Amino acid sequence: MNEDLPVLIKPLEVELNGVGQYQHAQTVQDLVKMLMGGKWPGIGRKYHNALWRSMEAIDWYIDASAARAAFVDAAHEAGMHVLPDDMAKTVILEDNALKDRTLAKA
């Protein structure tokens, strides 16, 4: 396998360097660099799963979306935000809060 070939993912931004400081990733190789770069705030079960899924995607060119999803889970396990993934959750929460306020006024 040629590990120099990028394995593309849906781009994301992860809050790895502190609150509001996001790092960009557009390949599985970018995910591995973040996971193994020494700045990951917590090593848990989801971290190991993300690393394993990423290595599978690089070595066997399979399931880059599973590697990305595992990375997002690991980031959430470590307390980090991921964009654009967390934006959908924010919109839903804001929409529900608006509905709650509207119902309370009725």
Side-chain angles (χ1 to χ4, degrees):
M1 310 288 155
N2 185 352
E3 294 169 0
D4 293 331
L5 292 175
V7 180
L8 299 176
I9 59 168
K10 177 183 169 187
L12 61 78
E13 305 281 332
V14 64
E15 194 176 36
L16 182 61
N17 300 317
V19 176
Q21 297 181 21
Y22 289 86
Q23 190 167 338
H24 181 76
Q26 61 188 24
T27 67
V28 175
Q29 288 86 343
D30 293 338
L31 302 180
V32 171
K33 286 177 187 174
M34 284 189 253
L35 288 165
M36 298 187 68
K39 292 183 179 182
W40 200 265
I43 309 283
R45 182 183 59 79
K46 292 181 180 183
Y47 169 89
H48 291 288
N49 185 51
L51 191 55
W52 174 253
R53 294 289 181 194
S54 296
M55 298 311 288
E56 282 182 329
I58 292 169
D59 288 343
W60 300 312
Y61 303 110
I62 57 170
D63 223 355
S65 62
R68 185 189 185 283
F71 179 88
V72 171
D73 286 346
H76 288 157
E77 177 183 60
M80 295 184 284
H81 294 109
V82 180
L83 301 176
D85 300 60
D86 293 345
M87 291 301 293
K89 293 176 189 172
T90 301
V91 169
I92 290 169
L93 290 174
E94 289 174 357
D95 187 47
N96 286 340
L98 178 61
K99 287 177 187 175
D100 290 345
R101 285 194 300 264
T102 302
L103 291 173
K105 290 179 182 178

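When a residue number appears, it is its place in the shown sequence, counting from 1. Keep in mind that what you see is a predicted model, and the values were worked out from it rather than measured.
Legend: salt bridge (Lys or Arg N to Asp or Glu O under 4.0 Å) pairs involving residues 18-43, not counting sequence neighbours: none detected. Screening residues 61-84 for salt bridge (Lys or Arg N to Asp or Glu O under 4.0 Å), with sequence neighbours left out, gives Arg68-Asp85.
With Tyr47 contributing its side chain and Gly42 its backbone, the two residues share no donor-acceptor pair below 3.5 Å.
In plain terms, the two heavy atoms of Ser54 and Val28 that are nearest each other are O-CG1, 3.4 Å. Between Ala75 and Val14, the shortest heavy-atom distance links the atoms CB-CG2, 4.0 Å. Residues Val7 and Gln29 approach most closely at N-OE1, 3.0 Å, considering heavy atoms. The minimum heavy-atom distance between Lys46 and Ala74, with the atom names listed, is O-CB, 3.4 Å. Across every non-hydrogen atom of Ile62 and Glu56, the tightest pair is CG1-O, 4.0 Å.
For Ala78, the side-chain contact (heavy atoms from CB on, under 4.5 Å) partners are Trp40, Pro41, Met80, not counting sequence neighbours. Listed by chain and number, the residues in a side-chain hydrogen bond (donor to acceptor under 3.5 Å, both in side chains) with His24 are Glu13, Gln26 (sequence neighbours excluded). Glu15 meets the salt bridge (charged side-chain N to carboxylate O under 4.0 Å, His left out) test with no other residue; sequence neighbours excluded.
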Check against side-chain contact (heavy atoms from CB on, under 4.5 Å), Tyr61 and Leu5:
CA-CA 10 Å; Tyr61 303 110; Leu5 292 175; 3.9 Å; yes
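Distance check: Asn17 CG to Gln23 CD gives 5.0 Å after rounding to the nearest 0.5 Å.
Looking only at side-chain heavy atoms (C-beta outward), Val72 and Leu12 come within less than 4.5 Å of each other.
Each of Leu31, Leu51, Asn49 was compared with Phe71 under the side-chain contact (heavy atoms from CB on, under 4.5 Å) criterion, and only Leu31 meets it.
Residues Leu8 and Met34 do not share a hydrophobic cluster, clusters being chains of Ile/Leu/Val/Met/Phe/Trp/Tyr side chains in contact below 4.5 Å.
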